[in-house]
Amino acid sequence: MPDHPRPDRAELIDIYRTMRTIREFEERLHAEFPGGEIPGAVHLYAGQEAVAAGVCTVLTDEDYVASTHRGHGHAIAKGCDVTAMMLEIYGKAGGLCDGKGGSMHIADFDRGMLGANGVAAGGVPLSCGSALSAKVRGTDQVSVAFVGDGGANQGAFAESLVLASVWQLPVVFVVEDNGYAQATGTRFHLGGRDIAPRAEALGIPAVVVDGYDVLAVREAAAEAVLRARSSEGPTLLDCKAHRFFGHMEGWDQQAYRADGEVDRLVAERDCLRLFADTAIVRQTLTTAELADVDAAVRVLIDHAVDESKSAKDPDIGELLTDVYVTY
Amino acid sequence: MTRVLSYLNAVGEALRQEMQHDPSVVVFGEDNIGGTGCDGKLGNAWGPTQGLHEHFPDRVFDTPITESAFVGAAVGAAATGLRPVADLLFVDFAGVCFDQILNQAAKLRYMTAGKARVPLVLRAMYGTGMRRGAQHSQALYPLFAHIPGLKVVLPATPADAKGLMAAAIRDDDPVIFFEHKMLYFSHGDVPEEPYVVPLGQARVTRTGGDCTIVALGRMVAEAEKAADELVADGVQCEVIDPRTISPLDTGTIYDSVRRTGHLVVADESNPRCGVAGDIAALVAEHVFDALRGPVRVVTSPHAPVPFAPVLEDAYAPGADQIKAAVRTTIPVLARQEHAS
Ligand SMILES: Cc1ncc(C[n+]2csc(CCOP(=O)(O)OP(=O)(O)O)c2C)c(N)n1
Ligand SMILES: [Mg+2]
């Protein structure tokens, strides 16, 4: 792959830092949520870090991603400021969207992060739009649409595949099949095992990817992104990685999951541990280097949470700004 | 026998009793069972359908996230012999299946000169207060009330939630049934036996001769609070809960305004092209001669729902705004207000 050779030391460290940052961010939210200071709906991404990190490592700052309700990982991997993200989740002044969006609507257009989304598959057509925009403006920017296995059942997703195929848009559809849509297992809502064939039927190259293996995700994403950048049209990655936590904080006792399922997942399929154990990483990075990253990330997240707890509420005047007219 | 029940369980009881009563009633939506078959385990349904599948295993279904398909399927099933109760979860998701509601469900009976009927109930949560942000908090009932062919129901109490759900299921037209998410855990007396609260009959919750307050959904309790507090100012308000906004019981509203001469409408939705403005306009058109002060509407602002708690709390109207509106529509009080 001319564009994306094997990852060098610096990139491997970056990938690890991204995954660790997401993990720490989400575990911390999980720990803080019962305290009652975090308002609203928070959907955690822990367990799926390799997908966001593996895809976004081959994107530039100018590329676009459209995200889902489970969007913290995508935002972090696309380079959003974690303190500003945390402030947003706490609904405080200084949040990425001034506290007006919340966890489900984190966006940072300066980073090509077009937004988490409260509506399943709501962001997928937006990615076709940002891809069209790049095409018409004559840039080589690539757009990535993240969508869950459940969201992939939406008409908006199916229609986006058709549009991207017909218009040959520079877009990469990244399905995150985490096994469940809320409490319903894919076995009972997908009508088939994989999403990939739906794209293939439309002439869109599609691959099923081990979503716990960040280097496998990176390789598949690199090929897809190269294809998009070279005006060769869309690709779909069907990434399999289950979530560690429930659907939503404070709501889900995960009664629908098999006995021992989550314990086994954490013990055997933790993308961070699997990454650290790969030969390529072992030959390139030391345990001490990874530990340094862990320590630095912990400081970063501590800071983000401390700031968020002590930050001011948004100014009440914000209520009526950013809407073109009020009556 | 009457006992205390939550609004959520009142809806659930109506579903169960109507399913018992009529084998053509079917219930479906995302996680209406909750976790179909995952390792044989069930149980993350939340809301009124919790446990329903245990009583009716063949008539409660989980759906994929396919609102266009399953709402449309509810229309088709309704037109061919079933009485489906489909669950949109948040009304905001009507966005992804609006055709099936607006062009299919609403039109079929009329276009076929009555050869087809669509006895469908579409359940939908609405409203602010749960910190869910702009795409999960809207009070979109005016959109549906605008469309001829749809009925729109907004229960404010547990007893009404049960009786109106029964009526909605038995009704032969498509009914959009709005459940306020912040009312789910409110409690009230609910009769145990099945009963029906007819669609299109308002409920007068307080009587009074000085000012009529028409309040919708969650605003009913706010209006009652305002009315109770205004008694101290010597103002007796009449509070009307229309219960259904389409059909709308205009008779009860007009009669009240004829007696009080004053009208305030409290509506959690946005102000433009909404139900509050609509009721104000109807009263202005039909009982203008009785009005002795300006009609006031109390609504949320013309803005999307913000996420941050301080902003969301400032967004939705409440008893204070209703009280202020009553004061400014009654000339004597308005003058006092002005002078103070
Ligand atoms: C159109 C629409 N329908 C329903 C919902 C409610 N909802 C929120 S998340 C979710 C499950 C999504 O599953 P999936 O796409 O697999 O994402 P995951 O939560 O597993 O990451 C549902 C049904 C929604 N947000 N949008
Ligand atoms: Mg999923």
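A side-chain N or O of Thr184(A) and one of Asp31(B) form a donor-acceptor pair less than 3.5 Å apart.
Contacts of Asp322(A) with chain B are absent, with no heavy-atom separation under 4.5 Å from either backbone or side chain. Using a 4.5 Å cut-off between heavy atoms, Ala41(A) touches chain B through backbone and side chain atoms alike. With a threshold of 4.5 angstrom between heavy atoms, Ile89(A) approaches chain B through N, CA, C or O but not through any side-chain atom. Of the atoms belonging to Ser68(B), not a single heavy atom falls under 4.5 Å from chain A. Contacts of Leu319(A) with chain B are made by both backbone and side-chain atoms, with heavy-atom separations under 4.5 Å.
Heavy atoms of other residues, nucleotides or ligands lying less than 6.0 angstrom from NE2 of His242(A) number more than 12.
Annotation: maximal heavy-atom pairing with chain B below 4.5 Å, among Gly102(A), Ala93(A), Gly191(A), occurs at Gly102(A). Ranked by non-hydrogen atom pairs under 4.5 Å with chain B, the options Ala152(A), Gly179(A), Pro314(A) are led by Pro314(A).
Rounded to the nearest 0.5 angstrom, Leu89(B) CG and Gln182(A) CD are separated by 6.0 Å.
Contacts from residues 129-137 of chain B to chain A, taken as heavy-atom pairs separated by less than 4.5 Å, involve Met130(B), Arg131(B), Arg132(B), Ala134(B), Gln135(B), His136(B) in sequence order. Proximity to chain A among residues 307-320 of chain B is limited to Phe307(B), Ala308(B), Pro309(B), Val310(B), Leu311(B), Ala314(B), Tyr315(B), judged by heavy-atom separations below 4.5 angstrom.
Ala303(B) approaches Leu320(A) most closely through the heavy-atom pair CB-CD2, 4.2 Å. Counting all heavy atoms, side chain and backbone alike, Gly151(A) lies closest to Ile65(B) at N-CD1, 4.0 Å.
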